[in-house]
Structure formats: C-alpha cells, structure tokens
Amino acid sequence: MMSPSAELEVLHVLERMPPDASGALVRERPDGTMAGALLIERGRVCWAMSERYPLRLTDILVAEQDTLSLHQINEVFAMCRRDHMPLGETLVARGLVSLPVLHRALLRHTCEALDCLVREDVPWSWIEHSGYGYHPMLTFSPAEVLAGVRAIASPTLAARALTRLRSLVRDGQRGFAVERSSSSKAPLAQVGCEGVDLVALADLAIQAEEVMAVAATIDIEISLAELAGLACASWAEDNVLFVLLCDGELAFNRLLAQVAAMKIPLP
Amino acid sequence: MTRLPEIASAVPDCVVAAWVDTRTGAVREQHVVQDEAFVAQALEAATEVMRSRERPPRMVLLSARHVYMFHRMISDPHRVLVVICARSANIGLAVALVRSFAAAEAAAA
C-alpha cells in the first residue's frame, strides 16, 4: 500500500514540473546509472520509467484488450522501432487497440512507474528538451497522474468514487473525490479537473473537510460555498469526500438545486 | 437599525436570523422565529464555521432538516449574517432572499 509520504513525494514531483516546459525529471544514482525518469511535454506528463517497475506497456495492453496477442503487439513494436514510428498511435491506426484502452494503459503504466520511481533515494534533476512529439491526447495533466497514483493504493475505493463522480458531474461541472482518512488530500478520482492546479484541489478538499468537521455538531450533510464566481459543493459518503465545482452564471443556484435533490447514501 | 425581522419574515420557514461576531463568538443581534432548542447550538456552530478568514464569504450548509445560510460582510469581515430555515422545496427562494438582503446591507454599510 502506498504510504502518505510516497503520495506527498508524487505531489512534490508534479509540482516540480516547470509549467508549459518540456523535458525530463531524472533520478540518477551516484554511480551514474539512471534509476528512472519522468518525461514532460508542455507541462503534461508523457511517460514515466523506473528500473524497479517490472511491467512493459505491451504487457498492460495485452491485459487490457483481450483481442490483442503478445505476438501481434511485438510485431508492431519491432516495426515501430525499426521505422521510428510511435507505438501507441500505430496500434490505434491499425485498429489493434482503441484510443480509450491506449489512454488507460498509458496512464496506468505512467502512474505505476512513477509510484516506483518516487521510492528511490536519489536526487531529481531537470533536463530541458524541445519536446518528444507525444500526441496531446496521450499525455496527462498532473491531476490525472496524481489521481492515478493515488488509485494504486485504494483501487476499489477509487473505482467506486470515479463511478459516483461520473454519475454526478454534469456539463460545465468538474468534480473530484478524496479519501477522508488520507493526510495528503491527493484526489482519489477526478472528472474534468485535468487542468486544475493540484494545490488548489488540495486546498478545496482541506477547506471542505474543515467545514464538515466544525459543522458536525449540527449534522451537516452538504456544504456549498461561493468563491469569485466558482461554486463548490462538498459532502462525505463513508470515507470519501466528494467535491463538485461549477462556474459561470447562476452556478451557485444550479449546484444548490442539484445537491439539494441528491440522495446521499447512509453510512 | 438592522432589518432582521424583515428577512426572517420573508424567508420561508425561517427559524432564526442573526448577526454573529466571528472574532468573539458572540451573537450581536438575533431574531428568533421558532424558538427551537437547537438555535443556540446552531448559531455557535455557524460562528465556528465562519471563524476562519479563509472561509468563503458566502456559504450554505444543508442538514437533513435545516438550511444554514452565511454571508460575511465585506466592510466588516468579522460580522456574519446567519439565517437558518427549515429544509423544504423552497431552498432556492430562501437562498436568493438572503443573498439580496446581504447585498442590500453591504450596500448600505
């Protein structure tokens, strides 16, 4: 299980990413060998690698899509290597994997490798790069990666939270969920928060948690707040704190109407 | 002279309207419509919720039976309007009325 310190380390790593920059955050050992790296393109995470992480992307793809054989993927892999073609895009172009499966597999590989990489006890260094040429749809925001890494520790809870969020988040809204007992407030799941600053998400979760704690004596179920045109609703379901965000005209009223009609499962 | 009785009579199913001081925790003024046992405790909790200056100036809390509406005055951030009403289908109306009242108070300050 992921420790809170590992979660915080992931958060710190993602905060180290220079905004809109391209390059690699590298962990190199004193003997000059590389423990791993996190590749970044225009402020988005493209790929993570760690010597400690045993799975290859091809392993995950075969596990995710049962119509794909290791033999097929190895053939495409060899061809891509020989002709300098991107593996993911080629697999999609040939109809061997769907874009959502590729996206999911890449995110899983990146998060699991990063989870291993943060456990190394060597310093990080930043190496600037002009860009790796990753398709933007196959790169990830810090919030997506943090939620992905967090989900490694609590996969069932994360899957349930994501399903619940998807059933709640409407057009023009965003939402995220955090595990209440976790000290890091890293999102367990998120919908539409890809572009939201990680510190802002954590601050919202901390604020919501504080209000729930202070207002516990009056049995508060749902809290709504308005911040400079942004409406925010939060509530707890078992050990998960949900936060819905909505901006624009009448955002507060729309969110109020939605959450007032919502049924919160009893613990 | 504040207009707490006015807002208390306008908000459907209003229990209490009050001005609280988040610095001292004191209820500066209140207009109780329904003298329910929980009013003192509810105002105390409301003051605690808004005590942190990091709290947004406008908040609504929902319990199974009540709606708690808070507005912090820009001119005096320690002064918070608290209106509590029974939870009913009129939540939107209650929230809009309290918002208008708070805006009028802020404009008059």
Side-chain angles (χ1 to χ4, degrees), chain A residues 168 185 196-197 199-237 241-267, chain B residues 12-13 15-16 18 20 22 25 36-72 74 80-100 102-103 106:
Chain A
L168 292 166
K185 298 296 169 240
V196 183
D197 176 59
V199 176
L201 286 185
D203 282 348
L204 283 168
I206 290 165
Q207 281 274 340
E209 192 65 68
E210 276 179 12
V211 170
M212 298 304 277
V214 172
T217 55
I218 46 174
D219 298 325
I220 292 305
E221 292 179 340
I222 303 168
S223 158
L224 285 112
E226 190 173 53
L227 286 149
L230 178 73
C232 169
S234 53
W235 70 95
E237 292 181 18
L241 180 79
F242 288 89
V243 180
L244 274 187
L245 304 168
C246 182
D247 47 21
E249 202 177 345
L250 299 174
F252 191 88
N253 297 24
R254 284 191 286 137
L255 204 52
L256 174 66
Q258 181 181 349
V259 296
M262 191 172 70
K263 194 163 175 61
I264 298 177
L266 292 170
Chain B
D13 305 313
V15 175
V16 63
V20 297
T22 57
E36 293 192 24
F38 82 103
V39 166
Q41 186 195 11
L43 289 178
E44 191 180 328
T47 311
E48 273 304 306
V49 167
M50 296 304 279
R51 187 183 292 277
S52 167
R53 291 288 291 271
E54 290 180 11
R55 215 68 79 215
R58 182 183 180 213
M59 293 194 70
V60 174
L61 304 184
L62 306 178
S63 74
R65 294 180 56 208
H66 294 97
V67 182
Y68 299 74
M69 294 161 275
F70 309 138
H71 278 266
R72 191 194 298 282
I74 296 168
V80 173
L81 172 68
V82 181
V83 179
I84 303 171
C85 68
R87 188 166 168 176
S88 67
N90 289 323
I91 293 180
L93 174 63
V95 168
L97 283 168
V98 173
R99 181 180 205 169
S100 303

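The chains referred to below are lettered A, B, ... by the order of the sequence lines, with proteins before strands, and numbering in each begins at 1.
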Intermediate values then yes/no, salt bridge (Lys or Arg N to Asp or Glu O under 4.0 Å), B/Arg87 and A/Glu221: CA-CA 12 Å; B/Arg87 188 166 168 176; A/Glu221 292 179 340; 3.6 Å; yes
Quick one: what part of [X] sits under 4.5 Å from any heavy atom of chain A, side chain, backbone, both or neither?
{"X": "B/Arg55", "answer": "both"}
{"X": "B/Tyr68", "answer": "side chain"}
{"X": "B/Val49", "answer": "both"}

Option in A/Ser223, A/Ala213, A/Ala216, A/Ala231 with maximal non-hydrogen atom pairs under 4.5 Å from chain B: A/Ser223
Highest number of heavy-atom pairs under 4.5 Å with chain B among A/Val214, A/Asn253, A/Ile218 belongs to A/Ile218
Does the side chain of [X] reach to within under 4.5 Å of the side chain of [Y], using non-hydrogen atoms?
{"X": "A/Ile220", "Y": "B/Leu62", "answer": "no"}
{"X": "B/Ile91", "Y": "A/Leu256", "answer": "yes"}
{"X": "B/His71", "Y": "A/Glu226", "answer": "no"}
{"X": "B/Met59", "Y": "A/Leu224", "answer": "no"}

With a 4.5 angstrom heavy-atom cut-off, is it the side chain or the backbone of A/Ala257 that approaches chain B, or both, or neither? neither
Choice from B/Arg65, B/His66, B/Glu44, B/Arg99 maximising heavy atom contacts with chain A below 4.5 Å: B/Arg99
Out of B/Ala64, B/Gly92, B/Ala42, which one racks up the most heavy-atom pairs below 4.5 Å with chain A? B/Ala64
Heavy-atom count around B/Ile74 CD1 within 6.0 Å, excluding the residue itself: above 12? no
